[in-house]
Amino acid sequence: MKRILVPCDFSVQAKNAFALALDIARINMAEVIVLRVMERHLDYEAVSPDLSTYVSVEATDKREQHAREEFEKMKAAHSTSVACRMAIVKGAVTDSILEFIDKEDISLIVMGTKGASGLQEVLIGSNTEKIVRFSKVPVIAVPQAVMLTDIKHIVLPSVLELNQADFIKQVKELQHLLNAVLWILVIVDRSSGRSQNEIRKQMEDFVSHYHLTNCVLKIREDESIEKGIINFTSQVNADMIAMATHSRRGLAHLFSGSITENLVNRVSCPIWTYTIRK
């Protein structure tokens, strides 16, 4: 892991993401890059045709200076030796983040959820799907302050596919990083007719196929996948949810955009996502 990206609007949620990113970077000797995206349409006030250019430059300079000051304050709040720098780019939020991933060879994105301005646009609504679906690297959505050492139980909702070697490799690396228990969860529709024994055998084959260790197998019936994940996560007091997504078909078999959105909004633990590419 080389570089961790934190899209930032300096809200409380963004600062929580920054703190978690520092924890992860410290263990991996990685660099943290705080990215402030400034949308172009906010760069000026059209006071008059003659003044618009002047106001644009002045407003941009003020906003950039404010961002740099906020970054220094945020960094000063943490006593750390982690390499950390700030980048400012102009453009649409989602496109700018995706372009930055390639440009800076980012290994992981850590994002605060329900941010007051920029991050709200990033993580609520259609931008959620865009970042998660098209990011080439894992994304951690952070709804509230959490320390890396507190994450010891990861829920992995699964449909038990055996063609996801890259995704499971990433999950195993995450589990190793956190030294966590992996709760493999299958949510069964009450009308599916599938037997518990049949599902249990499939889960055991899944564990054997991917050589998973330190894991617990759980089957739950619920009226929807979303409710099943939320209820189970609350029941076991899980510290993180890990989810697979697909880049072309929206979100994975388990997850539609609305499910992901609702999980981000309704669970208090971080959600880690990784895009499966065919």
Side-chain angles (χ1 to χ4, degrees), residues 1 3-35 70-71 73-82 84 97 106-116 118-120 122-124 128 131-132 135 137-157 170-183 185 214-216 229-245 260-274:
M1 187 178 295
R3 299 183 182 91
I4 300 172
L5 180 63
V6 182
C8 189
D9 64 353
F10 303 105
S11 63
V12 172
Q13 292 80 10
K15 292 176 182 178
N16 291 339
F18 176 69
L20 180 60
L22 289 178
D23 273 355
I24 298 171
R26 188 179 301 110
I27 292 176
N28 291 276
M29 293 184 291
E31 178 187 24
V32 173
I33 303 176
V34 172
L35 178 64
E70 289 298 309
F71 169 67
K73 291 178 186 177
M74 185 173 70
K75 188 168 64 169
H78 299 272
S79 177
T80 178
S81 59
V82 171
C84 183
I97 293 173
I106 299 299
S107 304
L108 172 70
I109 302 174
V110 184
M111 309 175 73
T113 63
K114 298 184 181 179
L119 283 181
Q120 184 175 16
V122 172
L123 284 170
I124 303 300
T128 305
I131 293 296
V132 170
S135 172
V137 301
V139 179
I140 300 178
V142 185
Q144 63 182 22
V146 60
M147 295 180 64
L148 194 66
T149 53
D150 293 334
I151 303 176
K152 293 301 180 185
H153 297 272
I154 304 171
V155 172
L156 175 65
Q170 295 288 334
V171 171
K172 290 167 75 172
E173 289 178 1
L174 176 69
Q175 181 187 18
H176 177 73
L177 171 70
L178 301 173
N179 190 27
V181 176
L182 192 64
W183 296 75
L185 174 65
N214 194 20
C215 55
V216 181
I229 296 171
I230 291 171
N231 291 337
F232 181 80
T233 300
S234 175
Q235 176 189 347
V236 300
N237 196 26
D239 305 309
M240 176 176 281
I241 299 172
M243 295 163 44
T245 69
T260 301
E261 236 177 89
N262 290 337
L263 286 175
V264 169
N265 291 330
R266 296 178 61 186
V267 298
S268 59
C269 65
I271 298 179
W272 177 96
T273 64
Y274 181 76

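One-based numbering along the sequence shown. This one's a predicted model, so the numbers in the text were calculated from it and none came from an experiment. Side-chain atoms are counted along with the backbone in the values below, which use heavy atoms only and exclude waters and symmetry mates.
Within 6.0 Å of the NE2 atom in H176, the count of heavy atoms belonging to other residues, nucleotides or ligands does not exceed 12.
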Checklist entry - Which is it for L35 and V6 under the side chain to side chain contact (heavy atoms under 4.5 Å, CB included) test, yes or no, and what are the steps along the way? => result CA-CA 6 Å; L35 178 64; V6 182; over 6 Å; no
Checklist entry - Taking it one step at a time, do L156 and W183 satisfy side chain to side chain contact (heavy atoms under 4.5 Å, CB included)? => result CA-CA 6 Å; L156 175 65; W183 296 75; over 6 Å; no
Item to check | I271 vs I140, side chain to side chain contact (heavy atoms under 4.5 Å, CB included): CA-CA, chis, key distance, verdict | outcome: CA-CA 6 Å; I271 298 179; I140 300 178; over 6 Å; no
Item to check | Step-by-step side chain to side chain contact (heavy atoms under 4.5 Å, CB included) determination, C8 to M74 | outcome: CA-CA 11 Å; C8 189; M74 185 173 70; 4.0 Å; yes
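Note that OG of S107 and CD1 of I4 are 7.5 Å apart. Values are rounded to the nearest 0.5 Å. For the atom pair CE (M243) and CD1 (I229), the distance works out to 6.5 Å, reported to the nearest 0.5 Å. For the atom pair CD1 of I24 and CD1 of I151, the computed distance is 7.0 Å after rounding to the nearest 0.5 Å. In this structure, the separation between CG on L174 and OH on Y274 is 12.5 Å, given to the nearest 0.5 Å. To the nearest 0.5 Å, atom CG of residue L5 and atom CE of residue M111 are 8.0 Å apart. Interatomic distance, OG1 of T149 versus CG of N179, reported as 11.5 Å (0.5 Å rounding).
Side chain of D23 to backbone of L148: a donor-acceptor contact under 3.5 angstrom is found. Between the side chain of Q175 and the backbone N or O of A180 there is at least one donor-acceptor pair closer than 3.5 Å. With hydrogens and angles ignored, the 3.5 Å screen pairs no side-chain donor or acceptor of N28 with any backbone N or O of A30.
Listed by chain and number, the residues in a side-chain hydrogen bond (donor to acceptor under 3.5 Å, both in side chains) with N214 amount to none (sequence neighbours excluded). Checked against side chain to side chain contact (heavy atoms under 4.5 Å, CB included), E173 has the following partners two or more places apart in sequence or in another chain: K169, Q170.
Side-chain contact between I154 and I241: absent, with no pair of heavy atoms (C-beta onward) separated by less than 4.5 Å. Within the 4.5 Å cutoff, the side chain of V181 has no heavy atoms near those of the C215 side chain. You'll find the side chain of V146 stays beyond 4.5 Å of the side chain of D239, heavy atoms only. Contact of the V267 side chain with the I230 side chain is registered, since non-hydrogen atoms from C-beta on lie closer than 4.5 Å.
When every heavy atom of C269 is checked against every heavy atom of A238, the shortest pair comes out as CB-O, 3.8 Å. Considering every non-hydrogen atom in both A17 and V110, the closest pair reads O-CG1, 3.5 Å. Shown here for A21 and V32, the closest heavy-atom pair between the two residues is O-CG2, 3.8 Å. The two residues I106 and V137 have their closest heavy-atom pair at O-CG1, 3.0 Å. Minimum heavy-atom separation, S268 to P143: O-CG, 3.3 Å. Across every non-hydrogen atom of P138 and L108, the tightest pair is O-CD1, 3.4 Å.
Just one of M240, K152, H153 meets the side chain to side chain contact (heavy atoms under 4.5 Å, CB included) condition when paired with L178; it is M240.
F18 and F71 have perpendicular rings, their planes meeting at more than 60° on a 0 to 90° scale where under 30° would count as parallel.
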